[in-house]
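Take a look at the structure below.
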Amino acid sequence: MHELAMTPQIRDARERVRAFMEEYVYPNEAALGREDAEAEALLKDLRARAKAAGLWAPFIGPEAGGSGLGFLPYAYLNEIIGRSHFAPLVFGCQAPDTGNAEILHQFGTAEQRRRWLEPLVAGEIRSYFAMTEPEVSGADPTGLRTTAVLDGDHWVIDGHKWFSSGAEGAAFAIVMAVTEPEEPPHRRMSQIIVPADAPGVRIIRAIPVFGHRGSGWNTHCEVRFEGARVPLANLLGERGDGFRIAQRRLGSGRIHHVMRWLGQMQRAFELLCRRALEREAFGGPLADKQTVQNWIADSAAEIQACRLLTLDAADKIDKGDEARVEISVIKFYAARVLHDVIDRAIQVHGAMGLTDLTPLSEMYKQARAARLYDGPDEVHRMVVSRRILRSFADGGGWDFAAGGPSGA
């Protein structure tokens, strides 16, 4: 695991991010959480400070306008950034913009990168990814019903999307639509860039999640495309490549999520330990109770396991491996650990853990959603088990050292 050690450059960046969080992010969480005009002005100021500090857009490299050094360095930074729900937005590395930026960088034309990628990475605009539909299972995108039909030199898009995160106030969407209905299921779809102000694009509502509507970036919207017309040149990649591009986008998006969850886990763990030492019941601190001690020990082991799994996957991606099995493993495993660690911290805080006196209640809401977005746990378990069983069925086995199939 020595290859996963932090370089002096990464260590320095982590310390600068940590200092920025202490000075600017944590003290302003409550104000940012109000999601009003003052919060917007504050966010603009904090983002300018992050840019001035050279900490902007660490998810992508300087060639695309960011400050990123690769997946592994980004994982180390996200252990700090991920501690706050608002920090990714402050540092310009929030979903879904990160995933959209990455596929525009990889698959976009020069004109698409100029028009959409550059202002997106610069934080001048936001975007959303319109894939999930209410009429079909989000776990199986081959059943998507949104269509895009050629009419001269334009695409005409018709469809119904929902849980399109960040759609409110976004400048454009990347829409998954069926363009090749006669092709096999995984070759039927394409991705198309659709400006938010294109005729026929209608945001129906922001869907409340756990009773919270959200605002702007923090919304999950229902959107209809009703004869929306966009130029043929807005096709992202090749016709029929939508599923393949989505796999690339969602793969990196999943590991980005897990990186952020590492920060959430560690923050909840610190709150758990401090509360256990401070709170007394039945003649002594909660830290003396065996159940609480077990929670602390289990949490420490599980968080470190998540860290090492995530760092290993990030390192493999940096070396050119898509790390699909590794990403699926950490997606379902880390989602459970995230939930369990926060749940234990809430339990030790008692009723106070349910209030806004700590960040735990908001963290808990986000943690439950983690088991669903970018693929439910059950699908990722299926991906992992199928890949392993295929190797055994072919006469081989599974090499844990290599993280893949072994020979017969």
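Keep in mind that the numbers below use all heavy atoms, side chains included, and drop hydrogens, waters and symmetry copies.
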Electrostatic pair [X]:[Y] at N-O distance under 4.0 angstrom:
{"X": "R371", "Y": "D377", "answer": "yes"}
{"X": "E378", "Y": "R381", "answer": "no"}
{"X": "D45", "Y": "R49", "answer": "yes"}
{"X": "R239", "Y": "E183", "answer": "no"}
{"X": "E180", "Y": "R188", "answer": "no"}
{"X": "R145", "Y": "E135", "answer": "no"}
{"X": "R224", "Y": "D158", "answer": "no"}

Could you check if a side-chain atom of [X] sits within less than 4.5 angstrom of a side-chain atom of [Y], using non-hydrogen atoms only?
{"X": "W155", "Y": "V149", "value": "no"}
{"X": "Q266", "Y": "R307", "value": "yes"}
{"X": "V121", "Y": "H105", "value": "no"}

Legend entry - R249 to F129, cation-pi by 6.0 Å centre distance and 45° axis angle: yes
Legend entry - Counterpart residues, side chain to side chain donor-acceptor pair (under 3.5 Å), relative to H186 (two or more places apart): none
Inset, instruction - Test R390 against D394 for salt bridge (charged side-chain N to carboxylate O under 4.0 Å, His left out), laying out the working first. - result: CA-CA 6 Å; R390 188 185 309 136; D394 291 341; 5.9 Å; no
Inset, instruction - Determine, stepwise, if the pair E270 / R267 fulfils salt bridge (charged side-chain N to carboxylate O under 4.0 Å, His left out). - result: CA-CA 5 Å; E270 291 168 8; R267 189 175 186 184; over 6 Å; no
Inset, instruction - Evaluate the ring pair (Phe, Tyr, Trp, His ring centres under 6.0 Å) criterion for residues F225 and H160: first the C-alpha distance (whole Å), next the side-chain angles of each, then the deciding distance (0.1 Å), finally the verdict. - result: CA-CA 6 Å; F225 298 89; H160 186 194; 9.9 Å; no
Inset, instruction - Go through the steps to decide whether E168 and W217 satisfy the test side-chain contact (heavy atoms from CB on, under 4.5 Å), and finish with yes or no. - result: CA-CA 7 Å; E168 184 178 82; W217 160 74; over 6 Å; no
Legend entry - ring pair (Phe, Tyr, Trp, His ring centres under 6.0 Å) contacts in which one or both residues fall within residues 8-63, not counting sequence neighbours: F20-Y24, F20-F91
